[in-house]
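Written below as structure tokens is the structure these notes are about.
Note that the structure is predicted; figures quoted are calculated from it, not measured. Side-chain atoms are counted along with the backbone in the values below, which use heavy atoms only and exclude waters and symmetry mates.
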Number of protein chains: 2
Amino acid sequence: MTATPQTSAETPHTESRSKEPRTARGRKTLRLILDAAAEEFGARGYHEGSIARIAQRAGVAIGSFYTYFDSKEAVFRALVADMSRQVREHVVPFILAAPDRLAGERAGLTAYLDFVRTHKALYRIIDESAFVAEDAYRRHYVDVADGYATSLEQAFGRGEVSDGDWQVRAWAIMGMNVFLGLKYGVWDDGRPVDEIAAAAHALIADGLAPPR
Amino acid sequence: MTATPQTSAETPHTESRSKEPRTARGRKTLRLILDAAAEEFGARGYHEGSIARIAQRAGVAIGSFYTYFDSKEAVFRALVADMSRQVREHVVPFILAAPDRLAGERAGLTAYLDFVRTHKALYRIIDESAFVAEDAYRRHYVDVADGYATSLEQAFGRGEVSDGDWQVRAWAIMGMNVFLGLKYGVWDDGRPVDEIAAAAHALIADGLAPPR
DNA sequence: TCAGGAGTTGAATCCTGGTTCAGGTTTCAG
DNA sequence: CTGAAACCTGAACCAGGATTCAACTCCTGA
């Protein structure tokens with residue numbers, strides 16, 4: 001349950017991976033297991049998902065799983081970190097490529113919705129981490145929010161957005177995007193993503209107040 | 001905490017309750033179990049929560065639990081439905097009391113944050129239902145969103161808000177509120193709620209676009 | 001060529017905790 | 001008062017599934 005004794009040079013890092021593979025063969029197996037775990041947890045959720053089934057999907061024995069991870073929770077945590085990274089890596093470039101922050105907001109949401117539609121499993125895993133690994137979940141959103149707040153503040157410096165409370169705004173916009181992702185990415189993928197992004201963009205840019 | 005069965009007139013539904021209590025004594029026990037379940041699930045979450053502990057908290061035998069509910073999932077579902085109602089019953093009056101929709105938005109968020117801060121357990125239960133009872137979770141948010149959309153559209157009729165995509169706006173604002181609730185209600189209750197609500201209100205009302 | 005570390009295997013172990021059940025006790029209509 | 005329905009009780013049962021482990025096989029460096 002606790003960290004492996006790991007008699008050799010104590011590895012300070014490696015929070016979730018019990019042991020790094022030493023050979024190409026090992027790295028390949030680890031990857032198989034990680035991918036299988038993503039499938040399994042994505043499809044059945046953490047508690048319904050089983051190690052035996054992960055091993056089966058990966059085409060390895062149960063014991064091999066424990067060569068790379070200390071526990072069920074450990075794989076899950078590794079997955080969350082990995083997918084958190086994936087989302088950002090997919091979305092951020094679109095934001096940066098846009099001419100200004102507000103256009104970036106729109107492009108980012110479009111990219112995000114696209115990503116969610118093609119990675120519904122991932123979405124579920126990050127969400128479920130709130131209950132399996134609170135700290136990992138929290139870290140994910142706090143990281144995103146901080147990046148967001150900073151980005152907004154810089155945009156303010158360039159005169160692209162109005163002044164305001166950056167943290168609150170960051171959390172608000174993030175929540176907006178997450179829920180739109182849930183609604184129009186996971187649950188209802190009928191409407192084109194640009195349409196959603198356009199509507200959301202209009203809201204974020206000008207608000208609800210009637211024109212004067 | 002929970003809704004009293006109230007009407008002795010036969011409730012047509014009873015999906016989750018296996019059997020309605022017939023006597024005052026039974027109603028009292030059901031109430032004890034329901035409240036105990038809210039505490040237990042709120043504190044430990046669905047999967048960590050145990051029936052034995054719920055029974056203990058309620059001060060009844062395990063068997064009594066099964067007199068009123070068919071399974072662990074059944075109590076959970078009953079709770080979700082009940083709390084979904086509670087949130088709305090607490091927040092809606094504040095929105096209605098406001099002079100116009102935008103002011104209502106602000107009052108509603110303030111009330112919501114207040115509620116979350118004093119009912120963190122409840123918050124967790126509704127959130128976790130996404131994985132235990134997807135349909136119940138979905139129903140909760142779809143209901144809220146629909147109410148929201150309708151309300152916004154009516155406000156538009158009165159000239160209080162601009163025209164736009166009501167559904168997208170409803171989901172966006174809902175997500176915004178939920179995340180602000182998570183951040184400033186559950187995780188970080190240091191800042192005064194009005195402050196948060198004011199900042200969010202500014203965003204919803206006028207958006208991020210710089211003044212022209 | 002060969003030792004031994006890296007990796008693999010999957011049946012067996014173990015434990016948690018939901019659910020059942022065979023009686024008792026209480027309530028209340030008639 | 002009285003009997004049956006409504007309730008209550010908690011030990012025992014049992015399934016599911018995470019984790020362990022002792023015995024292989026594979027690979028590489030000397």
Within the 6.0 Å centroid threshold, strictly below: B:Y46 and B:F131 = no
request  = Specify the separation, in whole Å, of atom CZ of A:R44 and atom P of D:dG17.
outcome  = 9 Å
task = Name the residue closer to the 5' end of DNA chain C, choosing between B:G49 and A:F65 according to the nucleotide with the nearest heavy atom.
result = A:F65
remark   = When rounded to whole Å, the NE2 to P distance for the pair B:H47 and D:dG17 reads 12 Å
task = Sort and list the pairs that fulfil salt bridge (charged side-chain N to carboxylate O under 4.0 Å, His left out) and have at least one residue in residues 196-205 of chain A, not counting sequence neighbours.
result = none
Ring geometry between B:W171 and A:F179 (parallel below 30°, tilted from 30 to 60°, perpendicular above 60°) = tilted
ask   = To the nearest Å, how far apart are B:F69 CZ and D:dC7 P?
value = 13 Å
ask   = Just how far, in rounded Å, is P of C:dA11 from CD1 of A:I51?
value = 17 Å
query = CZ of B:F41 versus P of C:dG17: gap in Å, rounded?
reply = 13 Å
request  = Mind calculating the distance between OH (A:Y66) and P (D:dG17) to the nearest angstrom?
outcome  = 13 Å
ask   = Between B:E48 (CD) and D:dA18 (P), how many Å, whole number?
value = 13 Å
query = Closest to the A:K72 side chain: C:dT20, D:dT19, C:dG18?
reply = D:dT19
inquiry  = Just the rounded figure in Å: distance from P of C:dG10 to CD1 of A:I54.
reply    = 17 Å
message = I'd like to know if the side chain of A:R44 and the backbone of A:E39 have a donor-acceptor N/O pair within less than 3.5 Å.
response = no
message = Between B:E40 and B:I51 (side chain of the first, backbone of the second, donor and acceptor by atom type, cut-off under 3.5 Å), is there such a pair?
response = no
request  = Measure from the side-chain N and O atoms of A:Y123 to the backbone N and O of A:V178, and report whether any donor-acceptor pair falls under 3.5 Å.
outcome  = yes
Would you list the protein and nucleotides 2-8 of chain C atom pairs, both N or O, that sit under 3.5 Å from each other?
from, atom 1, to, atom 2, distance (Å)
C:dG7, OP1, A:R22, N, 2.7
C:dG7, OP1, A:T23, N, 3.0
C:dG7, OP1, A:T23, OG1, 3.4
C:dT8, OP1, A:T29, OG1, 2.5
C:dT8, OP2, A:Y68, OH, 3.1

